[in-house]
Amino acid sequence: MASSSASSACTKHIFPSTLTSSSSSSTTSLLSFRDTTISIPKLLSHSKHHQRFYFAVNNAVKTTVDTTLPSSVSTTTNPNDSVVAAKPTILVSEKLGSAGIEVLRAFGHVECAYDLSPEDLCKKISSCDALIVRSGTKVTRQVLEAAKGRLKVVGRAGVGIDNVDLQAATEFGCLVVNAPTANTIAAAEHGIALLAGMARNVAQADASMKAGKWERSKYVGVSLVGKTLAVMGFGKVGSEVARRAKGLGMNVIAHDPYAPADRARAVGVELVSFDQAISTADFISLHMPLTPATNKIFDDHTFSRMKKGVRIVNVARGGVIDEDALVKALDDGIVAQAALDVFTEEPPAKDSKLVQHRNVTVTPHLGASTKEAQEGVAIEIAEAVVGALKGELSSTAVNAPMVPPEIVSELAPYVVLAEKLGRLAVQLVSGGKGIQSVKVVYTTGRDPDDLDTRLLRAMITKGIIEPISDAIVNLVNADFTAKQKGLRLSEERVVVDSSPDLPVHSIQVQVSNVESKFASAVLDGGQISIEGKVKYGVPHLTTVGSFAVDVSLEGNLILCRQVDQPGMIGRVGNILGDENVNVSFMSVGRTSRRRKAIMAIGVDEEPNKDTLHKIGAVPAIEEFVFLNL
Ligand SMILES: NC(=O)c1ccc[n+]([C@@H]2O[C@H](COP(=O)([O-])OP(=O)(O)OC[C@H]3O[C@@H](n4cnc5c(N)ncnc54)[C@H](O)[C@@H]3O)[C@@H](O)[C@H]2O)c1
Ligand SMILES: O=C(O)[C@H](O)COP(=O)(O)O
């Protein structure tokens with residue numbers, strides 16, 4: 001159990017009604033959106049998914065979906081609205097279906113700039129919030145660096161993300177989303193078209209006829225029926241190819257180290273080892289992603305183990321084949337024919353031996369290029385990018401956890417609480433820096449396995465790191481940034497007797513091995529400890545060290561430890577009032593009557609040094625700290 005042994009304290013609430021007048025906005029969001037809150041009716045009117053990221057505060061809908069706009073982008077105020085933010089800029093660097101462009105235009109400024117050189121892309125990117133690419137744009141570390149922190153999301157309008165430097169994107173806190181489903185059938189159909197076309201020499205015969213020839217005996221083909229097809233990579237495209245090949249009467253086997261056997265069985269396909277697949281197949285169709293493990297996996301050695309006269313189709317990625325080795329295997333007659341849609345370099349060199357080989361059929365990366373697939377992909381990616389810009393979690397995120405919308409919605413107020421507790425914790429550390437060991441204890445009335453804490457952990461990390469560095473932390477880069485800063489964050493889930501309707505009962509943040517600037521926040525074990533809860537949808541600080549308090553986490557906070565005696569609230573209130581600092585909330589927690597007490601005072605304005613000095617000079621006040629939420 002968390003050591004939240006808050007003293008039996010009674011907690012006095014002073015000015016509870018002032019909560020309603022608090023105007024502070026949350027700056028929490030899950031992407032790198034900080035500084036500017038675009039909120040309230042405007043944003044919600046854009047959202048199809050109102051259940052996400054907003055919660056009711058005092059009957060007003062207040063969204064936590066904040067979008068940080070770069071300083072170069074202005075916001076304007078419309079007298080009838082709340083803050084009206086400038087629209088985000090979305091750069092589309094390759095041809096995208098019109099339906100997707102419409103979705104994007106409804107949300108932001110869309111700039112379509114095709115065929116940009118890498119240098120021009122680097123120049124442009126620093127004024128863009130989102131970038132949408134297909135396979136032709138290389139989103140390199142240089143591009144991500146050149147974005148100078150503004151780029152929040154890269155949308156890949158298709159499946160393969162090998163043209164995006166995912167590690168760099170993660171380090172820069174840039175979300176990468178793809179459109180994984182809309183072109184599956186198109187790619188599978190193209191694979192089958194290449195398979196059948198290759199077997200019957202369709203392309204070669206067509207070229208011959210157009211050259212005025214009539215070469216019937218030259219273009220005798222081979223039949224597919226009864227032949228063994230090895231599908232390498234039994235994912236979305238591979239399984240659709242397998243299904244279709246079976247319909248053509250082929251005997252289909254597959255190799256995929258990660259595919260479940262029952263999925264293969266359901267299609268009537270046997271999963272086999274790599275060696276078995278390549279050595280027994282008459283036809284081999286490639287459908288795995290390009291990764292370090294699959295890079296040039298089809299090399300001299302692999303070709304040497306294939307059946308002589310094997311035929312190969314590749315609609316996956318050119319890089320999985322060592323192209324020189326394939327040319328050699330074709331020349332040696334190991335590979336009778338190849339049909340290729342993808343190449344290591346795209347476009348390949350005009351004099352590429354592979355492209356020019358008489359036994360090779362080529363298409364210029366057309367697998368996804370049907371009208372239907374392109375419209376589908378465009379809509380899929382546009383919705384994913386818009387969702388990401390709104391701060392929603394994407395179900396197609398490639399470099400961030402995919403958290404289902406219902407979990408996100410349920411955790412929204414706790415996300416705010418988590419960040420605020422992180423911010424408070426770091427400010428309680430002397431000097432602010434040097435935090436290395438943080439323990440977070442979540443109490444819940446549910447089965448602890450039902451509590452997905454990834455969002456909360458990311459937000460605590462954000463709260464701890466952002467006030468003391470210029471890093472922008474979000475769900476994408478939280479773990480990476482924590483590791484870089486040497487911050488170890490451990491978590492514990494504790495079941496308590498509380499309503500299972502709520503995902504979290506309380507969150508406690510403990511910081512070990514540091515000095516505190518507010519000794520009362522330190523537990524007997526030496527760790528700084530604060531705890532908070534969500535009450536009526538609003539995050540509250542409920543424990544400081546071993547003192548119970550009850551103050552909503554908005555604006556700024558002054559914590560004072562004092563000798564519990566009459567008149568203290570009035571004295572401090574008067575000092576603040578004299579300096580025109582508005583008190584929004586006050587609560588006093590004490591160990592026992594007339595002994596030590598902690599006064600937590602919420603203030604709208606930041607008191608100046610003199611004011612704080614006057615508070616510190618009140619004789620009964622033993623220590624105090626000003627905290628910025
Ligand atoms: N030519 C095109 O226009 C076009 C269109 C769509 C997809 N693609 C490409 O096709 C490939 C498959 O796409 P998808 O949508 O089916 O992806 P997917 O993720 O659904 O499937 C890929 C499968 O490959 C498997 N795999 C991973 N490593 C492997 C390995 N070493 N050996 C064998 N299998 C391995 C995975 O387990 C997964 O099941 C991707 O490379 C994608 O980029 C190309
Ligand atoms: O990975 C993909 O989705 C395909 O290779 C399609 O790429 P494209 O969008 O460049 O056509």
Side-chain angles (χ1 to χ4, degrees), residues 92-97 100 114-115 132-139 154-164 176-195 230-244 253-261 263-264 267 269 271-278 281 284-299 302 313-321 339-344 346-347 362-378 380-381 396 398:
V92 180
S93 70
E94 290 176 74
K95 185 102 181 72
L96 191 71
Y114 308 147
D115 301 323
I132 296 187
V133 301
R134 287 179 60 183
S135 58
T137 307
K138 304 269 176 280
V139 187
V154 173
R156 161 59 170 115
V159 184
I161 29 89
D162 44 288
N163 54 323
V164 180
V176 180
V177 290
N178 71 350
T181 58
N183 67 22
T184 299
I185 299 301
E189 287 178 350
H190 197 61
I192 294 292
L194 288 180
L195 181 78
V231 170
M232 309 299 285
F234 196 73
K236 293 183 293 296
V237 179
S239 53
E240 290 300 333
V241 165
R243 209 188 298 277
R244 283 160 179 73
I253 55 175
H255 168 70
D256 187 325
Y258 314 106
R263 180 146 56 84
V267 185
V269 168
L271 282 180
V272 297
S273 69
F274 185 81
D275 275 346
Q276 199 182 342
I278 57 161
I284 298 178
S285 194
L286 310 188
H287 302 289
M288 68 256 284
L290 176 61
T291 65
T294 62
N295 188 25
K296 294 193 179 167
I297 194 170
F298 294 90
D299 58 6
T302 309
V313 174
N314 187 6
V315 291
R317 280 295 177 270
V320 302
I321 294 179
L340 310 171
D341 184 46
V342 284
F343 307 89
T344 308
E346 293 188 359
V362 287
T363 51
H365 203 148
L366 291 181
S369 295
T370 61
K371 286 183 181 162
E372 296 84 351
Q374 280 313 305
E375 283 304 295
V377 163
E380 197 177 353
I381 201 62
T396 62
V398 176

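Atom set for the values below is all heavy atoms of this structure, side chains included, hydrogens, waters and symmetry mates excluded. Read the numbers this way: they start at 1 and go in the same order the structure lists the ligands and their atoms.
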Distance from atom 33 (C) of ligand 1 to nearest protein heavy atom, with residue and atom:
Pro257 CD, 3.4 Å

Among all protein heavy atoms, pick the one closest to atom 21 (O) of ligand 1 and tell me residue, atom and distance.
Gly235 CA, 3.3 Å

re atom 28 (N) of ligand 1, the protein heavy-atom contact at minimum distance is Tyr258 CE1, 3.5 Å

Please write down residue, atom name and distance for the protein heavy atom closest to atom 3 (O) of ligand 2.
Val159 N, 2.6 Å

Any atoms of ligand 1 less than 4.0 Å from a non-hydrogen atom of Phe234? List them with their elements.
39 (O)

Hey, does Asp256 come in under 3.5 Å of ligand 1, counting only N/O atoms on both sides?
yes

Gly160 heavy atoms within 4.0 Å reach ligand 1 at atoms 43 (O)

Which atoms of ligand 2 sit under 4.0 Å from any heavy atom of His365?
4 (C), 5 (O), 6 (C), 7 (O)

Does Ala368, backbone or side chain, put an N or O under 3.5 Å from an N or O of ligand 1?
yes

For atom 1 (O) of ligand 2, the option (of Lys95, His190, Arg317) bearing the nearest heavy atom
Arg317

For ligand 2, is any non-hydrogen atom under 4.0 Å from Ser135's backbone (N, CA, C, O), its side chain (CB onward), both, or neither?
both

Verdict with supporting geometry, Glu240 and Lys236, salt bridge (charged side-chain N to carboxylate O under 4.0 Å, His left out)
CA-CA 6 Å; Glu240 290 300 333; Lys236 293 183 293 296; over 6 Å; no

Protein residue, atom and distance nearest to atom 7 (O) of ligand 2, heavy-atom basis:
Arg156 NH2, 3.1 Å

Nearest-0.5 Å distance that lies between atom CZ in Arg317 and atom NE2 in His365
4.5 Å

Quick check: does Asn183 get an N/O under 3.5 Å from an N/O on ligand 2?
yes

With rounding to the nearest 0.5 angstrom, report the CG to NZ distance, Leu290 to Lys296.
10.5 Å

With the side chain counted from C-beta on, respond yes when Ser93 and Arg134 share a heavy-atom pair under 4.5 Å apart, and no when they do not.
no

Touching ligand 1 at all, Thr184? Heavy atoms, strictly under 4.0 Å?
no

Report the member of Val237, Val241, Val315 with the shortest heavy-atom distance to atom 8 (N) of ligand 1.
Val315

Identify the heavy atoms of Ala339 and Leu194 that sit nearest to each other, and give their distance.
CB-CB, 3.8 Å

The protein heavy atom nearest to atom 41 (O) of ligand 1 is Met288 O, 3.1 Å

Per-atom contacts, ligand 2 versus Gly158 - under 4.0 Å to a heavy atom:
3 (O)

Heavy atom of the protein closest to atom 19 (O) of ligand 1 (residue, atom name, distance):
Lys236 NZ, 3.9 Å

Please indicate whether any nitrogen or oxygen in Pro180 is less than 3.5 Å from any nitrogen or oxygen in ligand 1.
no

Do ligand 1 and Gly238 have nitrogen or oxygen atoms that lie under 3.5 Å from each other?
no

From Asn314 CG over to Ser285 OG, what is the distance, rounded to the nearest 0.5 angstrom?
8.0 Å

Does any N/O atom on Asp341 come nearer than 3.5 Å to any N/O atom on ligand 1?
yes

Checking a contact table here: which protein heavy atom is nearest atom 7 (C) of ligand 1, and how many Å away?
Val159 CG2, 4.0 Å

With a 4.0 Å cut-off on heavy atoms, is Pro289 touching ligand 1?
yes

Is it the case that the side chain of Ser273 and the backbone of Gln276 share a donor-acceptor pair, with hydrogens and angles ignored and the cut-off at 3.5 Å?
yes

Which atoms from ligand 1 have a heavy atom of Thr294 less than 4.0 Å away?
30 (C), 31 (N)

May I ask you to decide if the ring planes of Phe274 and His255 are parallel, tilted or perpendicular, using 30° and 60° as cut-offs?
perpendicular

Could you tell me, atom by atom, which parts of ligand 1 come under 4.0 Å of a heavy atom of His365?
1 (N), 2 (C), 3 (O)

Output for pair (Ile278 CD1, Met232 CE), nearest 0.5 Å, gives 6.5 Å

Give a yes or no on whether the backbone of Phe343 and the side-chain of Glu346 come within a donor-acceptor separation of less than 3.5 Å.
yes

Is Asp162 reaching over with its side chain to a backbone N or O of Pro289, donor-acceptor style, under 3.5 angstrom?
no

When Ile381 is tested against each of Thr396, Val133, Leu96 for side-chain contact (heavy atoms from CB on, under 4.5 Å), which residue passes?
Leu96

Ala368 neighbourhood, listing ligand 2 atoms whose heavy-atom distance to it stays under 4.0 Å
6 (C), 11 (O)

Hey, are Asp341 and Thr363 close enough side-chain-wise for a donor-acceptor pair under 3.5 Å?
yes

Report yes or no: does Thr137 contribute a side-chain atom to a donor-acceptor pair with the main-chain N or O of Glu94 at less than 3.5 Å?
no

Is Ala259 close enough to touch ligand 1? Criterion: a residue heavy atom under 4.0 Å from a ligand atom.
no

Any N or O on Gly160 sitting closer than 3.5 Å to an N or O of ligand 2?
yes

If you measure from each non-hydrogen atom of Val342 to ligand 2, which part falls under 4.0 Å: side chain, backbone, both or neither?
neither

Quick one: do Val315 and Val342 satisfy side chain to side chain contact (heavy atoms under 4.5 Å, CB included)? Show the steps, please.
CA-CA 6 Å; Val315 291; Val342 284; 5.7 Å; no

With rounding to the nearest 0.5 angstrom, report the CD1 to CG distance, Ile321 to Leu340.
5.5 Å

Close approach, Glu94 and ligand 2, non-hydrogen under 4.0 angstrom
no

Please confirm whether Ala157 comes under 4.0 Å of ligand 2, counting heavy atoms of the residue only.
yes

Do any N or O atoms from the side chain of Arg263 and from the backbone of Phe234 form a donor-acceptor pair under 3.5 angstrom?
yes

Which ligand 1 atoms are under 4.0 Å away from a heavy-atom of Ala187?
5 (C), 6 (C)

Just need the protein heavy atom nearest to atom 10 (O) of ligand 1, so name the residue and atom and give the distance.
Ala316 CA, 3.7 Å

If you scan protein heavy atoms around atom 11 (O) of ligand 2, the nearest is Arg134 NH2, 2.7 Å

Taking every heavy atom of Ala261 against every heavy atom of Leu271, the minimum-distance pair comes out as CA-CD1, 3.7 Å

Residue, atom and distance of the protein heavy atom nearest atom 22 (C) of ligand 1 read His287 O, 3.6 Å

Rounded to the nearest 0.5 Å, what separation is found between the CD1 atom of Ile284 and the CZ atom of Phe298?
6.0 Å

Residue part near ligand 2, for Glu346, under 4.0 Å between non-hydrogen atoms
neither

Side chain of Glu380, backbone of Ala157: donor and acceptor closer than 3.5 Å?
no

